Amino acid sequence: MKKFLTALLCAVSAFMATFGFSACVNTTNTNKLSLYLPDGAPALSVARLMDDEAILDQAIEYSVVSASTIQAFVTGENPTADFCILPVNLASKLLGSGDSYKMLGAVTNGNLFILNKKSPDNTGYQSPDISTENISTLIGSRVGVINLANVPGLTFKAILNDNSLAYQELTEGVEYDENKVNLIAIDATQVLPTNDNCDYFIVPEPAATTKVNATQQKLNIAGSLQELYGQDGGYPQAVLVAKNSVISSHNKTVTQLIASFQQNKAWLTAEDTSFEAILNAITSHYLMQDTTPTFNANNLNGQVINNCGINFVSSANCKGQVISYIQKLNAITNNAWGNPAQNFFYEQ
């Protein structure tokens, strides 16, 4: 009988091993939650958690993806992401009803800067720095904007609109107008001191600081869209959302994740945190390993981190700012981003 039981147990063990029915493995896969986030400043905001995945009691699988694909993980009949960080305008448009996801808070608050060019004689810069006091000097200028159709361009247009400054996009068939701010869609390769088509450039970090350093200050940071927006702390740019079902079944994890962001920010600038550790934390969680990194050893430094606007503000405390920001974007885009419902904002 003993030999029979021993043989039976061995057979059962072999069957389980063959078909992957290990209780240990199964429990881990079942309990692990997912957090999808775009590369860039959002990835910086949770780099500490990716560096040490034991910080939270609940195991979370972090996946850093291209910003252009982030919406795929929160849409469809059965969305993949338990948690997700995405631009606030997309969150409002796709999830603003609150039926499937709720916004836990804003994680970044703007990383957009104005660059100007050094004059040919190197005695100064061709165009003045821009502040809230002299923003009207942009009238008649030509401003190249990286990603004009999305958050950078939308935010800049909202700022111009708030200041009653007329603007137009210089597309085919549209001529320069000295009585307007003339916007030009560009990519990063066109942000050059030799680009005579633009007086200013709107550039996100880390590209802004990288361009300044790479040109030996022939390009200069001449203003901040966060300051021009006119509210302390900038504007809500990227937000953290969670599935309603996850909030209900893993409320302790939600609370821990929210509470972690203050330490996450402090970790980024701590003396004993190396830039290498930050980079490794992010790149080791790329969903697609052929992703071109936003940050690298040449462009990640203390100034860039500070300029990325990383600061978690709970949903309850930034609800008004989010609604106001979306209203400003809707005013210039024919209500393209919806109106987030009260049910969208998570309040503990």
Side-chain angles (χ1 to χ4, degrees), residues 32-70 73 81 83-87 104-113 146 151 188 203-214 221 224 226 233-234 236-240 253 256-313:
K32 204 165 193 179
L33 299 175
S34 62
L35 195 163
Y36 289 83
L37 62 154
D39 199 10
L44 280 181
S45 74
V46 293
R48 168 177 169 264
L49 301 181
M50 294 189 287
D51 178 69
D52 182 359
E53 295 187 19
I55 289 174
L56 302 180
D57 293 341
Q58 169 70 55
I60 293 181
E61 183 173 0
Y62 302 92
S63 297
V64 180
V65 303
S66 167
S68 63
T69 65
I70 193 65
F73 302 98
F83 299 98
C84 186
I85 299 176
L86 71 167
L104 304 183
V107 299
T108 66
N109 297 274
N111 67 333
L112 299 169
F113 295 86
I146 295 179
V151 168
V203 183
E205 284 289 23
T209 297
T210 300
K211 288 289 184 179
V212 171
N213 293 337
I221 291 182
S224 161
Q226 293 66 247
Q237 186 167 342
V239 298
L240 172 67
T253 301
Q256 281 191 332
L257 180 59
I258 290 173
S260 75
F261 278 89
Q262 184 175 355
Q263 289 76 29
N264 295 350
K265 181 181 178 180
W267 180 81
L268 288 172
T269 55
E271 289 186 3
D272 57 350
T273 302
S274 67
F275 296 132
E276 182 181 10
I278 297 171
L279 291 171
N280 288 341
I282 296 172
T283 57
S284 64
H285 288 83
Y286 281 160
L287 184 63
M288 303 297 292
Q289 290 304 312
D290 60 350
T291 300
T292 301
T294 297
F295 298 107
N296 56 58
N298 294 322
N299 68 16
L300 185 64
N301 54 51
Q303 180 180 351
V304 166
I305 291 173
N306 288 331
N307 285 351
C308 279
I310 297 166
N311 185 46
F312 186 85
V313 182

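Quick caveat, the model's predicted, so the values are computed rather than measured.
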Decide yes or no for Leu37 and Cys84: does some side-chain heavy atom of the first lie under 4.5 Å from some side-chain heavy atom of the second?
no

I'd like a table of donor-acceptor pairs (distance under 3.5 Å, sequence neighbours excluded) in which one partner is a side-chain atom from residues 274-283, with atom names and distances.
residue: Ser274; atom: OG; partner: Ala277; partner atom: N; Å: 3.0
residue: Asn280; atom: ND2; partner: Glu276; partner atom: O; Å: 3.3
residue: Thr283; atom: OG1; partner: Leu279; partner atom: O; Å: 2.9

Looking at Asn111 and Glu205, would you say the former's side chain and the latter's main chain have a donor-acceptor pair under 3.5 Å?
yes

Would you please name every residue forming a side chain to side chain contact (heavy atoms under 4.5 Å, CB included) with Asn311, sequence neighbours left out?
Asn109, Lys265, Val313

Do side-chain atoms of Thr108 reach the backbone of Gly309 as a donor and acceptor pair under 3.5 angstrom?
no

Could you check whether any side-chain N or O of Gln226 sits under 3.5 Å from a backbone N or O of Gly234, counting only pairs where one atom can act as donor and the other as acceptor?
no

Residues which pass side chain to side chain donor-acceptor pair (under 3.5 Å) with Glu61, listed by chain and number, not counting sequence neighbours
none

My understanding is that only residues two or more places apart in sequence, or in another chain, count here; which of them pass ring pair (Phe, Tyr, Trp, His ring centres under 6.0 Å) with Phe295?
none

Does Tyr62 have any side chain to side chain donor-acceptor pair (under 3.5 Å) partners at least two apart in sequence or in another chain, and if so, which?
none

Do side-chain atoms of Thr291 reach the backbone of Pro293 as a donor and acceptor pair under 3.5 angstrom?
no

Under the side chain to side chain donor-acceptor pair (under 3.5 Å) test, which residues partner Ser34, sequence neighbours left out?
Asp82

Distance-only check: which donor-acceptor pairs under 3.5 Å involve side-chain atoms of residues 297-304, not counting sequence neighbours?
residue: Asn299; atom: OD1; partner: Asn296; partner atom: N; Å: 2.8
residue: Asn299; atom: ND2; partner: Thr294; partner atom: O; Å: 3.0
residue: Asn301; atom: OD1; partner: Gln303; partner atom: N; Å: 3.1
residue: Asn301; atom: OD1; partner: Val304; partner atom: N; Å: 2.9

Only pairs at least two apart or in different chains count here, so list each side-chain hydrogen bond (donor to acceptor under 3.5 Å, both in side chains) that has a residue in residues 43-57.
Arg48-Asn264, Glu53-His285, Asp57-Lys252, Asp57-Gln256

Rounded to the nearest 0.5 Å, how far apart are OH of Tyr286 and OG of Ser66?
10.5 Å

Contacts of Phe113 that satisfy ring pair (Phe, Tyr, Trp, His ring centres under 6.0 Å) - sequence neighbours left out:
none

Can you sort out the partners of Asp272 under salt bridge (Lys or Arg N to Asp or Glu O under 4.0 Å), two or more places apart, ordered by chain and number?
none

Partners passing ring pair (Phe, Tyr, Trp, His ring centres under 6.0 Å) against Phe73 (at least two apart in sequence or in another chain)
Tyr36

For the pair Lys211 (side chain) and Val203 (backbone), establish whether a donor and an acceptor sit closer than 3.5 Å, ignoring hydrogens and angles.
no

At what distance, to the nearest 0.5 angstrom, does OG1 of Thr209 lie from CG of Asn307?
5.0 Å

Which value, rounded to the nearest 0.5 Å, describes the distance between Leu35 atom CG and Met50 atom CE?
8.5 Å

Under the side chain to side chain donor-acceptor pair (under 3.5 Å) test, which residues partner Thr269, sequence neighbours left out?
none

